[in-house]
J.: 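Provided herewith is a single structure, encoded as structure tokens, for subsequent inquiry.
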Amino acid sequence: MANNRLSDLIHILVYIEMHNSDKLTSELIASSLNTNPSLTRRMMGQLRKANLLETTQGAACPKLKRNPSEITIFDVYMATCPDSPLLKVDQNTSKECQVGHVIPTVLNKYYLEIQSTTEAKMRKVTIADIADDVKMDIEHHQKNNSNFAKI
């Protein structure tokens, strides 16, 4: 089952960056994520623990701890506390079948290569890159649809 946590954490950081001079309650951020404020606060806690976000209890003014061009997707990925690789090999295969016996080892080799390549790419993409793309897409949608929401 796919995990949305990385995308949600990136979403929070981009939202905060794009609204850095606004009052940003967890309710407001949660509305953009289409989730509840309690879950949003927990995710912001993960970002705070990873030293990516600064918050002050009782004040609705979260701030990025570093410049958005210095925060990579890999930094955010590490904030998710990944306890397993992106792709997991099923080790519970039949040892009596030739394919079942060797497929975990073979797949593991490829999956490690994919993990390494993915992490290298994640180290190159920043919150600033994503925020710039989001801004461009918002502008495009606003030009083509005057009813486009401004949350």
Side-chain angles (χ1 to χ4, degrees), residues 1-92 104-151:
M1 187 166 131
N3 184 338
N4 299 357
R5 186 58 49 104
L6 178 59
S7 114
D8 287 347
L9 294 177
I10 292 169
H11 184 143
I12 289 169
L13 292 173
V14 169
Y15 190 89
I16 290 169
E17 169 57 21
M18 291 181 63
H19 296 88
N20 61 10
S21 60
D22 299 342
K23 181 178 178 180
L24 296 176
T25 64
S26 55
E27 290 80 9
L28 185 60
I29 297 168
S31 71
S32 181
L33 286 162
N34 201 27
T35 192
N36 67 63
S38 175
L39 179 58
T40 301
R41 284 189 292 275
R42 283 197 305 270
M43 288 188 285
M44 289 172 72
Q46 280 185 281
L47 294 167
R48 199 173 41 254
K49 185 177 179 183
N51 212 24
L52 300 175
L53 187 65
E54 181 178 316
T55 60
T56 305
Q57 192 166 359
C61 55
K63 300 282 183 223
L64 303 185
K65 284 278 267 197
R66 300 188 303 229
N67 187 301
S69 64
E70 297 171 355
I71 300 173
T72 67
I73 292 178
F74 185 76
D75 296 327
V76 183
Y77 170 66
M78 293 309 293
T80 67
C81 303
D83 54 358
S84 61
L86 293 170
L87 302 172
K88 186 176 178 191
V89 176
D90 182 0
Q91 300 292 331
N92 189 26
T105 304
V106 172
L107 281 179
N108 193 51
K109 175 182 75 169
Y110 287 105
Y111 284 11
L112 287 173
E113 183 179 323
I114 292 167
Q115 179 85 27
S116 176
T117 302
T118 301
E119 287 181 5
K121 179 64 177 176
M122 291 168 105
R123 284 180 171 94
K124 294 179 180 178
V125 180
T126 68
I127 294 301
D129 296 329
I130 297 169
D132 288 345
D133 286 351
V134 168
K135 289 172 190 172
M136 284 189 341
D137 277 13
I138 288 171
E139 288 173 11
H140 172 76
H141 287 295
Q142 286 175 336
K143 286 179 187 174
N144 295 324
N145 182 357
S146 61
N147 294 327
F148 189 64
K150 192 181 178 173
I151 292 179

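The analysis underlying the following values was restricted to heavy atoms, covering all of them including side chains, and did not include hydrogens, waters or symmetry mates.
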J.: Does one side chain, of Asn108 or Thr105, offer a donor that lies under 3.5 Å from an acceptor on the other?
T.: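 Looking only at side-chain atoms, Thr105 and Asn108 do not form any donor-acceptor pair under 3.5 Å.
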J.: Quick check for you: to the nearest 0.5 Å, what is the distance between Ser116 atom OG and Leu86 atom CG?
T.: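 If we round to the nearest 0.5 Å, Ser116:OG and Leu86:CG are 11.0 Å apart.
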J.: Under 3.5 Å, which donor-acceptor pairs link side chains of residues 126-133 to any protein atom two or more places apart or in another chain?
T.:
residue: Thr126; atom: OG1; partner: Ala128; partner atom: N; Å: 3.3
residue: Thr126; atom: OG1; partner: Asp129; partner atom: N; Å: 3.0
residue: Thr126; atom: OG1; partner: Asp129; partner atom: OD2; Å: 3.2
residue: Asp129; atom: OD2; partner: Thr126; partner atom: N; Å: 2.9

J.: Side chain of Gln46, backbone of Ala79: donor and acceptor closer than 3.5 Å?
T.: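 Yes; at least one donor-acceptor contact below 3.5 Å.
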J.: Specify the closest pair of heavy atoms between His19 and Leu24, including all atoms of both residues, with the distance to one decimal.
T.: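 Taking His19 first and Leu24 second, the nearest heavy atoms are O-CD1, 3.5 Å.
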J.: In Å, rounded to the nearest 0.5 Å, how long is the span from OH of Tyr15 to CG of Leu28?
T.: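 So the OH of Tyr15 and the CG of Leu28 are separated by 3.5 Å.
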J.: Taking atom CG of Leu64 and atom CG of Leu53, what is their separation to the nearest 0.5 Å?
T.: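 Here the rounded value is 6.5 Å.
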J.: Between Leu47 and Leu9, is a side chain to side chain contact (heavy atoms under 4.5 Å, CB included) present by the stated rule, with each step listed?
T.: CA-CA 7 Å; Leu47 294 167; Leu9 294 177; 3.9 Å; yes
J.: Take Met122 and Leu6 through the test side chain to side chain contact (heavy atoms under 4.5 Å, CB included) and record every step on the way to the result.
T.: CA-CA 11 Å; Met122 291 168 105; Leu6 178 59; 3.6 Å; yes
J.: About how many Å separate OG1 of Thr25 and CZ of Arg41, when rounded to the nearest 0.5 Å?
T.: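 With rounding to 0.5 Å, CZ (Arg41) is 9.0 Å from OG1 (Thr25).
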J.: Under a plain distance cut-off of 3.5 Å, with no hydrogens placed, do Arg5 and Thr80 share a side-chain donor-acceptor pair?
T.: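 No, because no side-chain N or O of Thr80 sits under 3.5 Å from a partner of the opposite role on Arg5.
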J.: Is there a donor-acceptor contact under 3.5 Å from the side chain of Gln91 to the main chain of Pro104?
T.: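 No, Gln91 side chain to Pro104 backbone: no donor-acceptor pair under 3.5 Å.
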J.: Looking only at heavy atoms, what is the nearest atom pair of Thr40 and Ser26, with distance?
T.: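 Minimum heavy-atom contact is CG2-O, 4.0 Å.
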J.: Under 4.5 Å between any side-chain heavy atoms of Ile114 and Thr117, yes or no?
T.: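 They are not in contact (no side-chain heavy atoms under 4.5 Å apart), so the answer is no.
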J.: Starting at OG of Ser32, measure out to CD of Glu27 and round the result to the nearest 0.5 Å.
T.: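 Going from OG on Ser32 over to CD on Glu27, the span is 14.0 Å.
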J.: Checking Glu54 against Arg66 for the side chain to side chain contact (heavy atoms under 4.5 Å, CB included) test, could you report, in this order, the C-alpha distance in whole Å, the side-chain angles of both residues, the deciding distance, and whether it holds?
T.: CA-CA 9 Å; Glu54 181 178 316; Arg66 300 188 303 229; over 6 Å; no
J.: Distance-only, no hydrogens or angles: does the Asp90 side chain make a donor-acceptor pair with backbone N or O of Asn92 under 3.5 Å?
T.: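 Looks like yes, one N/O pair under 3.5 Å.
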J.: Which pair of non-hydrogen atoms, one from Asn51 and one from Lys65, has the smallest distance, and what is that distance?
T.: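 In this case the closest contact between Asn51 and Lys65 is OD1-CE, 2.8 Å.
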J.: Can you give me the closest heavy-atom contact between Thr35 and Leu39, atom names plus distance?
T.: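 Closest approach of Thr35 to Leu39, heavy atoms only: OG1-CD2, 3.3 Å.
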J.: My understanding is that only one of Ile71, Val125, Val76 makes a side-chain contact (heavy atoms from CB on, under 4.5 Å) with Ile10; could you say which?
T.: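 That would be Val76.
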J.: In Å and rounded to the nearest 0.5 Å, what is the NZ to CG distance from Lys109 to Leu107?
T.: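 Going from NZ on Lys109 over to CG on Leu107, the span is 10.0 Å.
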J.: Over all heavy atoms of both residues, which pair between Lys63 and Asn20 is shortest? Give the atoms and the distance, please.
T.: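 Here Lys63 and Asn20 meet closest at NZ-O, 2.7 Å.
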J.: Kindly check if the number of other-residue, nucleotide or ligand heavy atoms within 6.0 Å of NZ (Lys49) is above 12?
T.: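 Result for NZ/Lys49: open.
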J.: Do Ile12 and Pro62 make a side-chain contact, defined as non-hydrogen atoms from C-beta onward lying under 4.5 Å apart?
T.: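 They are not in contact (no side-chain heavy atoms under 4.5 Å apart), so the answer is no.
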